[in-house]
Amino acid sequence: MAFKLLSGFLVENLPPKSEDMITVRNTDSLPKVFEILSKNNILSAPVLNERNNPIGLVDFVDIVCCVIQIINHTDLLGNDYYSFLEREDLFSHTYASYVTDLSEGNPFVPVIKGASLLEAITVMSKNKLHRVPIICNDTSPSETGPKIINLVTQSAILTFLAKHLDELGSWTDKSLAELGFAEKPVVTINSHKRALEAFQLMTEKRVTGIAVVDEKQQILANISARDLKELLNETRIFENLYLSVGEFISKVRQQDYKAVNPSICCTKDESLRKLMTRMAAAKIHRVYMVNNDRKLVGVVSLHDILEKLLDHINSGGGSN
Amino acid sequence: MTVIIITYRIVVDYFKSFIVDIKMSLNLDHCIEKLQKCEILSETTVKEITDRMKEILINEANVQSIRAPVTVVGDVHGQFYDVLEIFKIGGKCPDTNYLFLGDYVDRGYHSVETITLLSCLKLRYPSRVTLLRGNHESRQITQVYGFYGECMRKYGNANVWKYFTEMFDYLPVAAIIEDNIYCVHGGLSPSAPSIDQIRVLDRFQEVPHEGPLADLMWSDPDPDRDGFVESQRGAGYTFGQDTVAKFLQINKMHHILRAHQMCMDGYQVLFKRTLSTIWSAPNYSYRCGNMASILEINESSEHYFNTYSAAPESLHNKPQQDTTKELPDYFL
C-alpha cells in the first residue's frame, strides 16, 4: 500500500506550485537573502547563477553559521559597540554565493522531473537532507544547463503523508516504542543562557533545533534556525542574539498573534499515526519525547519517521 | 556589643510581629484603589492575595453555576487600560456581575496590574465576579508569552509569577449561565462530550499537554470542517458544527460562549447562533487594529454585544521596553 502510494506519485505534483518557487541570486547580499526567506515565510531557497542554473541551496542554518563566523571573527569579548557595527557591516557585505550550504548540512542532491515521491524520500533519507530539488533539462534555446523547477520540502512530504495515513498501512497505529523509536540524549540549553550560545550549540552539534529547558530540566520551548526569520523587522539582528534564550523566544513567538503550544511533546506510547497528524497540523519537523515527569528523553524528527517508513517498505510490508 | 545586638533583635522582632498582624488584615479597597491608578502592590501583599484566592477557589466547582444578569468578558491579555474601559462601559463591580473567560496575562504591558486587580475584585465581591482559566494561565505559556518577563522586570525576581501561576491551578474551567449557556475559554473536547465528565476532572494542576483539560482551554470551532481535528496550535482540537449540535443536545444546553480567538469585530457568532466567541482586547498586541466586545446578558437572558475600541491611555502608555540588558552604557 505504502509502496504503491509513494511510487505512483510524481514528485512535481507535490505542492506548492512551481510557479511560486522563490529563488535567490548568487550576487544577492545576505540582508537581501534574509529578507527574501523571511518575507516569503520559507526556510530555504535555491541559489542561481547568471545563467539561472542552480549552484546550491541556502537556508537559515547557513545564515546562522555565517552569523557565528562573523561573531568569532570580530572576536567579541565585551560589548564593544564598534564590534556591533563592524558585524552589521560584514553581514551586509556577505553574498549568497558564500553562504550557500555554509553549514554543509544542505547539500544539493536533486531528483529529475518525473521521479516518484518514493525516490525523493529515499534520497532525502539517505543523504539526511531537509529538502530535495527537482531539476529538469528541457530548456528554451536561449538557456542551457539544468533548471530547478521546485523543491520537495519536509513540510510538503509531511502534509502529504498525514493526508494519506490510511493508505500507508496499519503499522502506523503502533506506538513509537513498538516501532523502535529509541530514547536518546537531547541537545538542550537553559533558558537563562544567551541566544547566541543556542545558535552556536546548533552549529557545533550539527542539529537544526534544540530544546530550551528550565532549572528543573523541563522543556519550555524548541529553538531553531527558523526563529531567526522573525527578526526581519529588527534593525539590528546581532543585538537580539545577546538576549537570553528565554527573552529571545518570548520576543520571536509574540510576533504571531495566534498562541501556539511552544513545546509540543510526545510520549513513547503515542501512536506514530497520531504523532504525524499532530506534526502536520502544527507544521513542525521535530517533537521532543518526554517521560511521565515531563523530562526529556528523546526527540523524533521527520527524518526518523522517513527512515522507519522506508524500512517498512523495504521489508516488504509496504505492499499490503 | 553582643548585648546591644540582642536587644536590637528583640526590638525588631517585636515590631515585625506587628507588621505581620497589620498585613494579615488585607485592605482590599485600598489595594483596588491603588491598582486602578496602575500601581503594582508589594510582593508580600500579592502573596496574601493569592493565598486567599486559593482558599476561596478551592471551594468552587470545575463548572460554576451563574445566574443572569451577567456581563461576560473574553481575553484581556494584560491590556490594563482596556480593562478599566470594560468597567466604564459595562458598569462598575459589584453593580454589574462579571464572568471572565480567562487569558488575563501575557502580551500586554500590564499583566501584573490586570491579574492583581481582577483577583482583588474577586476577593472583595466573590459572588459577583467569576474568573475562569484560559490557556495562558499556565507556567509554560507565561514563560514564553510575556508574564514571566514582566514579573521579573517589575519585581526583580520570579516570586510573584510563582504565586500567580500557583493560583491559576485553582481557577474553575467552565461555567453555566441560567442552566443553558455553557461558557469555557477554548472549546470542546472529544474526550469529554458530557459536562458531567468535566465536573469530575482533577483541575488542580498545571494545564496538561493533552486530554480534556487541555482541550477545554485550547480548542477552536471550525466552520469548514466537521468532527474533531488536531489543532494547528499544537494543543486541543478544532471542532465542527456537528460536534456543537451534539454537545448541546446531550447536555441540554442552548448556547456555547467562549473566547480564545481574536475577532476583528470584537465578537463572532457561528453555527446558526449556537456558538459565540467574545474577544475583549482591542487593538490586540497593540497592533492588530481590532475592535473588542463584552457580552451583556440581562435578566430575560437576552444577549447584547457591547463593542468598543482601545482606550486612549492604551495608545499613549507604552512603557520603555527593556531591550537587551547587555547593551553598553555609552549612552549614559
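Keep in mind the model is a prediction, meaning the values are calculated, not measured. We name chains A, B, ... by the order of the sequence lines, and we start the count at 1 in each one.
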### Message
For chain A, which candidate among B/Q143, B/H260, B/M152 shows the most heavy-atom pairs at distances under 4.5 Å?
### Response
B/Q143

## Note on the structure
Shortest non-hydrogen pair, A/Y257 vs B/Y284, comes out as O-CE2, 3.3 Å

### Message
At a heavy-atom distance under 4.5 Å, which candidate from B/Q261, B/E210, B/R287 has the highest pair count against chain A?
### Response
B/R287

### Message
Return the CZ to CZ distance between A/R253 and B/R107, rounded to the nearest 0.5 Å.
### Response
11.5 Å

### Task
Name the member of A/A259, A/A221, A/S191 that forms the most heavy-atom pairs with chain B at distances under 4.5 Å.
A/A259

### Task
Using the test side-chain hydrogen bond (donor to acceptor under 3.5 Å, both in side chains), find all partners of A/T159 that sit at least two apart in sequence or belong to another chain.
none

#### Entry: For chain A, which residues of residues 159-172 of chain B have heavy atoms nearer than 4.5 angstrom
none

#### Entry: Proximity breakdown for B/F147 and chain A, heavy-atom pairs closer than 4.5 Å
neither

### Task
Flag yes if more than 12 heavy atoms outside A/F181 fall under 6.0 Å of its CZ atom; otherwise flag no.
yes

### Query
Hey, which residues of residues 133-142 of chain B are touching chain A, say heavy atoms under 4.5 Å apart?
B/N135, B/H136, B/Q140, B/I141

### Summary
Here the pair of heavy atoms bringing B/G146 nearest to A/S250 is N-OG, 4.2 Å

#### Entry: Residues from residues 275-289 of chain A approaching chain B under 4.5 Å (heavy atoms)
A/T277, A/R278, A/A281, A/A282, A/K283

### Message
Working note: A/S263 + B/H209, criterion side-chain contact (heavy atoms from CB on, under 4.5 Å); need CA distance, chi angles, decisive distance, verdict.
### Response
CA-CA 9 Å; A/S263 59; B/H209 282 227; 3.8 Å; yes

### Other residues, nucleotides, ligands: >12 heavy atoms within 6.0 Å of B/K154 NZ
yes

### Message
On a heavy-atom basis, which atom in A/I264 and which in B/G234 lie closest, and how many Å separate them?
### Response
CD1-CA, 3.6 Å

### Query
How many angstroms lie between atom CZ of A/R294 and atom CD of B/E206, to the nearest 0.5 angstrom?
5.5 Å

### Task
Flag yes if more than 12 heavy atoms outside A/K216 fall under 6.0 Å of its NZ atom; otherwise flag no.
no

### Query
Which pair of non-hydrogen atoms, one from A/L220 and one from B/V144, has the smallest distance, and what is that distance?
O-CG2, 4.1 Å

### Query
For B/Q197, does the CD atom have more than 12 heavy-atom neighbours from other residues, nucleotides or ligands under 6.0 Å away?
yes

### Message
I'd like to check B/E230 versus A/K274 (side-chain heavy atoms, cut-off strictly below 4.5 Å). Are they in contact?
### Response
yes

